[in-house]
Protein chains: 2
Amino acid sequence: MTDGFTYRWPRPALTVDVALFGLQAGQLSVLLIRRRLPPFEGWWALPGGFVRLDEGLEWAARRELEEEAGVRPAWIEQIGAFGAPGRDPRERVVSVAWWALLRADEHAPVAASDASEVRWHPVASLPALAFDHATMVTAALHRLRQRAWESAIGAELLGEQFTLGELQTVQESLLGHPLDKRNFRRRMNESGLLVEAGEARSEGPGRPARLFRLGDRMRGAPLGSTRENE
Amino acid sequence: MTDGFTYRWPRPALTVDVALFGLQAGQLSVLLIRRRLPPFEGWWALPGGFVRLDEGLEWAARRELEEEAGVRPAWIEQIGAFGAPGRDPRERVVSVAWWALLRADEHAPVAASDASEVRWHPVASLPALAFDHATMVTAALHRLRQRAWESAIGAELLGEQFTLGELQTVQESLLGHPLDKRNFRRRMNESGLLVEAGEARSEGPGRPARLFRLGDRMRGAPLGSTRENE
DNA sequence: GCCATTAGTGTAATCACAACACGAAATGAA
DNA sequence: TTCATTTCGTGTTGTGATTACACTAATGGC
């Protein structure tokens, strides 16, 4: 952004790191990989890696998820850049952190490339993490809960169609606390985010539940009732 | 974040760009510099520049403000990373964007280094901007207004001590719409962010106003009443 | 001392959110 | 077929927060 020479200076390395969330047995969990190489050899870390010259940041994040764990998130959003000098002991590395959601029906992640192991860890009991990844997870969780509170983002964890009961259960898992059934359903109805889609009954007994899907272009949109600042 | 060789790959350049806001004659304005060199020669742009190997991101942002305009912001916060390939026609450049506030009593900015001119532009009427800086300004404004709504950030634009009337005026300028006097004062009182600090009368006639200052470590903290998600 | 100017204060109406219990529709077993 | 079980689906009331709104208090200038 200065003259034609400036951009030949030595430059920091640029990486992306992704906090990928999913539900494992109803537990909100983060996908971690165990590092096979130094630094932090043997430690758990977020999947991530270097940004290539020709790819966008979000693309880089998606590619790393695919390469390192073989998964494609249903939702991904940037958290911000983490660039404290010394956060990587090797050299100066600035990392753009992301958070993402993986649908439950996606196939399980598999270890690949730089990882000796890939595993879901419940957010309630995380191990020590490499680099500043603990900070990133904290920030990611914060954003996730904010989104879950204000926008039914949990729908991204379900299939194309889902019942209100399913959606509520997912949202509760994301938020980490129970929701009132009637209030939840009212909010969803009034939000205008959902549209009906037939009828069905999933598990054995009980009255069949109506099916819904996300309305067009409603990904992550705020509920109608949420306070905004003009 | 992979093996010892990976970080020798060619890497994107890394810059910071800052949307610095201030009040000019009561108008919320952004500081822009006119570029003296290609690309976008002669266009208005946000101050910014390359990140050095040994400095943190926030430091880089502050340094560029000082170098290019000779100012030190009272508040600065990250917006996020902008890294679409092609956003800089020269080569791949990823930029970490920031927004900042400059106190009214700071001395006026001066043109330096890469800029042929430095000027405040009211946000209501911005010129076309270089690169993707228009997007950054939009995002910055959004965050600024959010903060102003939920946290009396306007106090950063005033001196150490200020009256509630002054604070309200500033907040109104930031938000872009008027606030109710009594409701504003109640919120401030209940927030617990402010503490008294003597007594004074500023301009000519009228009842003297009480002076306040920000309570310890209350920078940008949310008002007590603001809804949060647990 | 009177007028102009700015600071400071309380209450009523409205709205959003939280709490809460039962009837409806299906399944499966007796 | 009847009954027990299970899950789905629905409305109202109370409470706390936000909004709207008008006058008195204290000073400076004439």
Rounding to a whole Å, what distance do you find between [X]:[atom1] and [N]:[atom2]?
X	N	atom1	atom2	value
B/N183	C/dC15	CG	P	16 Å
B/F184	C/dG8	CZ	P	12 Å
A/E150	C/dC17	CD	P	13 Å
A/E166	D/dG9	CD	C1'	15 Å
A/W149	C/dA16	CH2	P	15 Å
B/M188	C/dT9	CE	P	15 Å
A/L164	D/dT10	CG	C1'	12 Å
A/D180	D/dT13	CG	P	16 Å

B/R63/B/E55 salt bridge by N-O under 4.0 Å criterion: yes

Flag, side chain of A/S191 to backbone of A/L193, donor-acceptor distance under 3.5 Å: yes

Donor-acceptor under 3.5 Å (A/Q168 side chain, A/F184 main chain): no

side-chain N/O B/R210 vs C/dG8 OP1/OP2, d < 4.0 Å: yes

Flag for B/R186-B/N189: side-chain donor and acceptor within less than 3.5 Å: no

Criterion salt bridge (Lys or Arg N to Asp or Glu O under 4.0 Å) on A/R210 and A/E196, from CA distance to verdict: CA-CA 7 Å; A/R210 281 185 287 184; A/E196 278 201 56; 3.4 Å; yes

At a cut-off of 3.5 Å, list every protein nitrogen or oxygen paired with a nitrogen or oxygen from nucleotides 22-24 of chain D, distance to 0.1 Å.
from, atom 1, to, atom 2, distance (Å)
D/dA22, N1, B/R182, NH1, 3.1

B/M188 side chain near B/L167 side chain, heavy-atom distance below 4.5 Å: yes

Of B/R185 and A/P208, the one whose closest DNA chain C nucleotide lies more 5': B/R185

Hey, can you pull the donor-acceptor pairs under 3.5 Å for the side chains in residues 70-81 of chain B, sequence neighbours left out?
from, atom 1, to, atom 2, distance (Å)
B/R72, NE, B/E66, OE1, 3.3
B/R72, NE, B/E66, OE2, 3.2
B/R72, NH2, B/E66, OE2, 3.3
B/E77, OE1, B/W99, NE1, 3.3
B/E77, OE1, B/R147, NE, 3.0
B/E77, OE2, B/R147, NE, 3.1
B/E77, OE2, B/R147, NH2, 2.4
B/Q78, OE1, A/A81, N, 2.6
B/Q78, NE2, A/A81, O, 2.9

Of the listed nucleotides C/dC20, C/dA18, C/dT27, the one nearest the side chain of A/R186: C/dA18

